[in-house]
Amino acid sequence: MEHRIVGPGPYRATRLWNETVELFRARMPLRKHRCRFKSYEHCFTAAEAVDWLHELLRCSQNFGPEVTRKQTVQLLKKFLKNHVIEDIKGKWGQEDFEDNRHLYRFPPSSPLKPYPKKPPYQKDVIKFPEWNDPPPGTSQENIPVRPVVMNSEMWYKRHSIAIGEVPACRLVHRRQLTEAHVEEIWKSMTLSYLQKILGLDSLEEVLDIKLVNSKFIIHNVYSVSKQGVVILDDKSKELPHWVLSAMKCLANWPNCSDLKQPMYLGFEKDVFKTIADYYGHLKEPLLTFHLFDAFVSVLGLLQKEKMAVEAFQICCLLLPPENRRKLQLLMRMMARICLNKEMPPLCDGFGTRTLMVQTFSRCILCSKDEVDLDELLAARLVTFLMDNYQEILKVPLALQTSIEERVAHLRRVQFQKSYPEVYQERFPTPESEALLFPEKPKPKPQLLMWALKKPFQPFQRTRSFRM
């Protein structure tokens, strides 16, 4: 039984949990063990379970080689709490699993998690502006008209309309393309692109569309610096100055231009701890609670790297601007620290890259409700972000161009409906151009004098008359 790839879609975390439980029960080696002068059949030690499950997770494309032994122990604690395993005395329900020689076994049946029942979201089909739609509260029957004097001519007109010879007149309302319409177009087309990349019939069970703010998308596209970092209008939502200085210090180590305090042994560790404490105490992860399922669903596309990058680009556009800015600065710092060969070890027990992932994964991606695999999924996402953050945190050019062309087209249609004569002058059709500028007869090329002469003939040697 192989660990199959769990693709994008709703309830991906639950599907991963059930898949891992089934694999663990089916393939974990069981044998006879002795404990306190007593033999136990079909069981395993805690250390054996950690070894086997750790190797399974590292080889799985759903989790990747960045999974640590500590994370595996945490997962086995949740297995014990949810009665996936029990000790040889039948005890379970607490997370007191440790990496030791204690004996465990499988219960007769390990419960799989049911798929959560979420209230169904109503499909919000965003309707593009229709120029002939009447405003709400108006109808053709309630059109105010002036009283007319009935005479033979008016009677003839009404009689012609009644019998169908002349079409009846209708009041046409011309709608304006407002800023709200433009924002709805950005939201609708952005979500449509995401749904297409994920290959889903609907985003209802992955994302609550009502919580998507179109103003965030537009701000993240246009309010950026030359380096592509979001510029905030509300400066009170900026990173604190001391945090930003600490991040610049480690990102540019050992050339710290903003550093005013003297360095000492272990100074870089204290600076890193300061940054980790700030991000660790955020009230909400940078990728927000309501986008958790969307980002987890995109993790199912990691085998198709290009598609995964495009999906992450769109998901990151949905973030509040302050979250996107903090994420951009954090990922840039993490990548520079990992590539800096002059950076001293920041932790004795982990390598620099593993330390970055373990320290910041939970402040980047986390579920509001307890999800048993959220730590592994967050570590997988942060690892992919570190390798591709420059592309992921860019604005998707194809999406931006498509939306801008759509808005420009609607503005052009609006102008055409409002000012048809002016539009015809500014944007003439081929037929109107032919009427205004009739095609002139092309002049015949002039006959040049040299063309009348005989063509050049090569020199021919004649017979000599010399005797």
Side-chain angles (χ1 to χ4, degrees), residues 3 5-17 19-20 57-68 70-72 74-75 194 197-198 203 206-207 276 279-280 282 284-320 323-335 337-338 350 352-394 396:
H3 205 158
I5 300 174
V6 178
Y11 317 123
R12 184 173 184 271
T14 303
R15 287 186 286 141
L16 277 173
W17 170 273
E19 176 79 8
T20 306
L57 297 176
R58 292 182 73 254
C59 295
S60 170
Q61 297 187 36
N62 293 313
F63 301 104
E66 300 292 337
V67 178
T68 63
K70 181 180 178 181
Q71 289 176 328
T72 307
Q74 294 296 326
L75 180 58
L194 179 60
I197 294 175
L198 294 179
L203 292 176
V206 173
L207 179 67
Y279 277 94
L282 294 177
E284 187 179 28
L286 296 179
L287 300 185
T288 69
F289 288 132
H290 84 272
L291 291 177
F292 174 82
D293 290 333
F295 279 99
V296 170
S297 184
V298 177
L299 286 174
L301 294 174
L302 293 191
Q303 291 73 32
K304 304 174 182 178
E305 184 173 324
K306 185 178 179 181
M307 294 181 62
V309 169
E310 292 178 356
F312 277 129
Q313 282 180 336
I314 297 176
C315 287
C316 289
L317 281 183
L318 308 181
L319 296 173
N323 288 40
R324 182 178 172 91
R325 176 176 173 81
K326 291 177 182 178
L327 179 64
Q328 288 174 320
L329 297 177
L330 178 62
M331 297 309 303
R332 179 180 295 184
M333 182 202 72
M334 293 168 61
I337 291 177
C338 292
F350 297 102
T352 303
R353 181 181 174 88
T354 303
L355 177 65
M356 295 294 119
V357 174
Q358 298 302 317
T359 302
F360 296 108
S361 59
R362 192 165 181 80
C363 72
I364 293 177
L365 181 69
C366 179
S367 175
K368 188 174 183 179
D369 302 322
E370 183 180 359
V371 177
D372 293 315
L373 295 176
D374 57 352
E375 294 180 2
L376 295 175
L377 296 173
R380 181 67 166 149
L381 182 140
V382 173
T383 302
F384 189 79
L385 274 179
M386 288 180 62
D387 296 334
N388 303 275
Y389 79 97
Q390 291 181 335
E391 289 295 325
I392 290 175
L393 296 176
K394 280 183 180 179

Undergrad: Please answer whether the main-chain N or O of Glu391 pairs with a side-chain N or O of Gln313 as donor and acceptor at a distance below 3.5 Å.
TA: yes
Undergrad: Which heavy atom of Leu317 sits nearest a heavy atom of Arg324, and at what distance?
TA: N-NH1, 3.7 Å
Undergrad: So, does Asn323 use its side chain to make a donor-acceptor pair with the main chain of Leu319 at under 3.5 Å?
TA: no
Undergrad: Quick check for you: to the nearest 0.5 Å, what is the distance between Leu16 atom CG and Leu377 atom CG?
TA: 6.0 Å
Undergrad: If you compare all heavy atoms of Ala13 against all heavy atoms of Val296, which two are closest, and at what distance to 0.1 Å?
TA: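 Scanning both residues completely, I find the closest heavy atoms to be N-CG1, 4.2 Å.
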Undergrad: Is any side-chain heavy atom of Ile197 less than 4.5 Å from a side-chain heavy atom of Leu301?
TA: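 The answer is yes, as the side chains (C-beta and beyond) meet within the 4.5 Å cut-off.
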Undergrad: I'd like to know whether Leu291 forms a side-chain contact (heavy atoms from CB on, under 4.5 Å) with Cys315, so could you lay out the CA-CA distance, the side-chain angles of the two residues, the decisive distance to 0.1 Å, and finally the verdict.
TA: CA-CA 8 Å; Leu291 291 177; Cys315 287; 5.9 Å; no
Undergrad: Please report the shortest heavy-atom distance between Leu373 and Trp17, naming the atom on each side.
TA: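 The answer is CD1-N, 3.3 Å.
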Undergrad: Rounded to the nearest 0.5 Å, what's the gap from CE on Met356 to OG1 on Thr352? Could you check?
TA: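 Reported value, rounded in 0.5 Å steps: 6.5 Å.
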Undergrad: A side-chain contact here means heavy atoms from C-beta on lying under 4.5 Å apart; do Ile5 and Gln303 qualify?
TA: yes
Undergrad: With a 4.5 Å heavy-atom cut-off, do Tyr11 and Ser297 have their side chains touching?
TA: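 No, too far: nothing below the 4.5 Å cut-off.
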Undergrad: Between Leu286 and Leu330, is the side-chain contact (heavy atoms from CB on, under 4.5 Å) condition met? List the steps.
TA: CA-CA 10 Å; Leu286 296 179; Leu330 178 62; 4.1 Å; yes
Undergrad: Working to the nearest 0.5 Å, report the span between CE of Met386 and SG of Cys338.
TA: 3.5 Å
Undergrad: Val298 versus Met307: any side-chain heavy-atom pair under 4.5 Å?
TA: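 Counting from C-beta outward, Val298 and Met307 never come under 4.5 Å.
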Undergrad: Looking only at non-hydrogen atoms, find the nearest pair between Cys316 and Leu393 and report the distance.
TA: SG-CD2, 4.0 Å
Undergrad: Any side-chain to backbone donor/acceptor pair from Thr359 onto Leu355? Under 3.5 Å, distance only.
TA: yes
Undergrad: For Glu284, is the CD atom crowded, meaning more than 12 foreign heavy atoms sit under 6.0 Å from it?
TA: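 Count over threshold, so yes.
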Undergrad: Without swapping roles, check the side chain of Arg58 against the backbone of Thr68 for a donor-acceptor pair under 3.5 Å.
TA: no
Undergrad: Heavy atoms, side chains only, cut-off 4.5 Å: are Phe292 and Leu287 in contact?
TA: no
Undergrad: Should the pair Tyr279 and Phe360 be assigned to parallel (<30°), tilted (30 to 60°) or perpendicular (>60°) ring geometry?
TA: perpendicular
Undergrad: Does the side chain of Leu327 reach to within under 4.5 Å of the side chain of Tyr389, using non-hydrogen atoms?
TA: no
Undergrad: Please round to the nearest 0.5 Å and tell me the distance separating atom CG of Leu365 and atom CZ of Arg380.
TA: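 Spacing of CG (Leu365) from CZ (Arg380) equals 13.5 Å.
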Undergrad: Are the side chains of Glu305 and Asn388 in touch, meaning some heavy atoms are under 4.5 Å apart?
TA: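 A side-chain contact under 4.5 Å exists here.
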Undergrad: Is a side-chain donor or acceptor of Arg325 paired with a backbone partner of Pro320 at a separation under 3.5 angstrom?
TA: no
Undergrad: Using a 4.5 Å cut-off on heavy atoms from C-beta on, say whether the side chain of Met334 contacts that of Val382.
TA: yes
Undergrad: Testing Glu66, Gln71, Lys70 one by one against Gln358 for a side-chain hydrogen bond (donor to acceptor under 3.5 Å, both in side chains), which residue passes?
TA: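 Exactly one candidate clears the test, Gln71.
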Undergrad: Keeping the roles fixed (side chain from Arg362, backbone from Pro285), state whether a donor-acceptor pair exists under 3.5 Å.
TA: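 Pair absent, no side-chain N/O of Arg362 close to backbone of Pro285.
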Undergrad: Kindly compute the distance separating CG (Leu381) from OG (Ser361), expressed to the nearest 0.5 Å.
TA: 9.5 Å
Undergrad: What's the verdict on side-chain contact (heavy atoms from CB on, under 4.5 Å) for Leu318 and Thr288, showing C-alpha distance, side-chain angles and the deciding distance?
TA: CA-CA 10 Å; Leu318 308 181; Thr288 69; over 6 Å; no
Undergrad: Answer yes when Arg353 and Asp387 have at least one side-chain N-carboxylate O distance shorter than 4.0 Å, and no when they do not.
TA: yes
Undergrad: As a quick check of understanding, evaluate side-chain contact (heavy atoms from CB on, under 4.5 Å) for Leu207 and Asp293, giving each step before the final call.
TA: CA-CA 7 Å; Leu207 179 67; Asp293 290 333; over 6 Å; no
